[in-house]
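All remarks here apply to the structure that follows.
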Amino acid sequence: MATVKRDYYEVLGVRRDASPDELKRAYRKLAMEYHPDRNQGDKGAEERFKEVGEAYSVLSDPQKRQRYDTFGHTGQQMPDFGPFSFDSAFDLFDMFFGGGRRSGRAAVPRRGADLRMTVDITFEESVFGAKRTVEVPRADTCPDCAGSGAPPGITPATCPDCGGSGQVRRAMQSIFGQVVNLTACPRCHGEGRLVDHPCTRCRGRGLVEERKTIEVSIPAGVDSDVQVRVGGEGEAGPRGGPHGDLYLSFRIAPHPQLIRRGQDLVYELPVTVTQAVLGDHITVPTVNGETVVDVAAGTQPGRVIKIAGHGVPHLRTGRRGDQVCIVRVVVPAHLSARERKLYEELGGRDGRPLEVRRGFFDHLRDFFAPAE
Ligand SMILES: [Zn+2]
Ligand SMILES: [Zn+2]
């Protein structure tokens, strides 16, 4: 083929005394401009892409450049010049821009961040579970540009500096010679793409702030150290990426009379001396409403009365613990004259400790001992 080759300096649009840096800049600009991925099916651009690559491959090599300066295109007849093909042009491009990314595609959209929220719930909700709507302030994909950051109908341009990879290779001199580092492309901030007139709604971020109302199920038996994962309700990912997850924890309002201990609910049952001595049927509060417990005659302080199945359900098995009532005998501090007289009639003040079979500490041991 007898096509006339254009002068390499002319192809790159530089002067004959151009510095290596000037050559580099010229090649970068032209190679991006004529890259076949950006000029689908344009034969002219393809030819120019190859021509620019060939010119740069010769002029960037000091030896080849010198020979070219002396002999012109005839210098290429020399064996080590070799033919310059399309593949050579692509290889050069990949080497120059950091390799492996001929298509110029940006990376797959990243997943959004997880969110954490604390929800205030009542004591009863923690025991029985509930459905609640919560408002989650979070980032969502911009509805106007579907996260692209570009106005509808506009496809963002591939960043010419990094060829769409979002990363650039930086050659640096070290004591070991030249080392190459990968860094985020400063021009496109690592996105691999450029938008001239960004979407007005999200100003190019691709994300908008929103308050999403979602319904969540509070599991029965939840405790304040339990986290509930709500899949896909976290922040949207940049550039239309999927949502992260939402993690809910719960701040449980205290109950005025019941204290949770594992699956059990502990209740202090205050009784009068008379109730402890003579026994009584006493109405006590539970999470299921009031119920009557039988306090036997001769009930000692610290005695445990269990109300089976009135505790907190286990998160997985649903099995409920018990309500544990601990008897506290309230000794009257102020007596009427008649009460005082009645107590005096009972006697028992002989100046020595009472002989007892089981004491307060035995009851405590029973209560805290692990179940057999
Ligand atoms: Zn870039
Ligand atoms: Zn937008």
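Just follow the structure's listing: the first ligand is 1, and inside any ligand the first atom is 1. Note: hydrogens, waters and symmetry copies are ignored here, and every other heavy atom, side chains too, is used.
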Working for side chain to side chain contact (heavy atoms under 4.5 Å, CB included), residues Leu23 and Tyr56
CA-CA 7 Å; Leu23 289 170; Tyr56 182 71; 4.1 Å; yes

Please verify the inter-ring angle class for Tyr9 with Tyr68; under 30° counts as parallel, over 60° as perpendicular, anything in between as tilted.
tilted

Take the Zn ion (ligand 2) as the vertex and measure to SG of Cys145 and SG of Cys202; round to 10°.
110°

For the atoms SG of Cys142 and SG of Cys199, give the angle they form at the Zn ion (ligand 2), rounded to 10 degrees.
110°

Metal-centred angle, the Zn ion (ligand 1) as apex - SG of Cys162, SG of Cys185, 10° resolution:
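Value, to the nearest 10 degrees: 110°.
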
Trace of the side-chain hydrogen bond (donor to acceptor under 3.5 Å, both in side chains) decision for Tyr8 with Glu54:
CA-CA 8 Å; Tyr8 288 151; Glu54 184 177 333; 2.7 Å; yes

Find out whether Val312 and Arg260 are in side-chain contact, i.e. whether some heavy atom of one side chain is under 4.5 Å from a heavy atom of the other.
yes

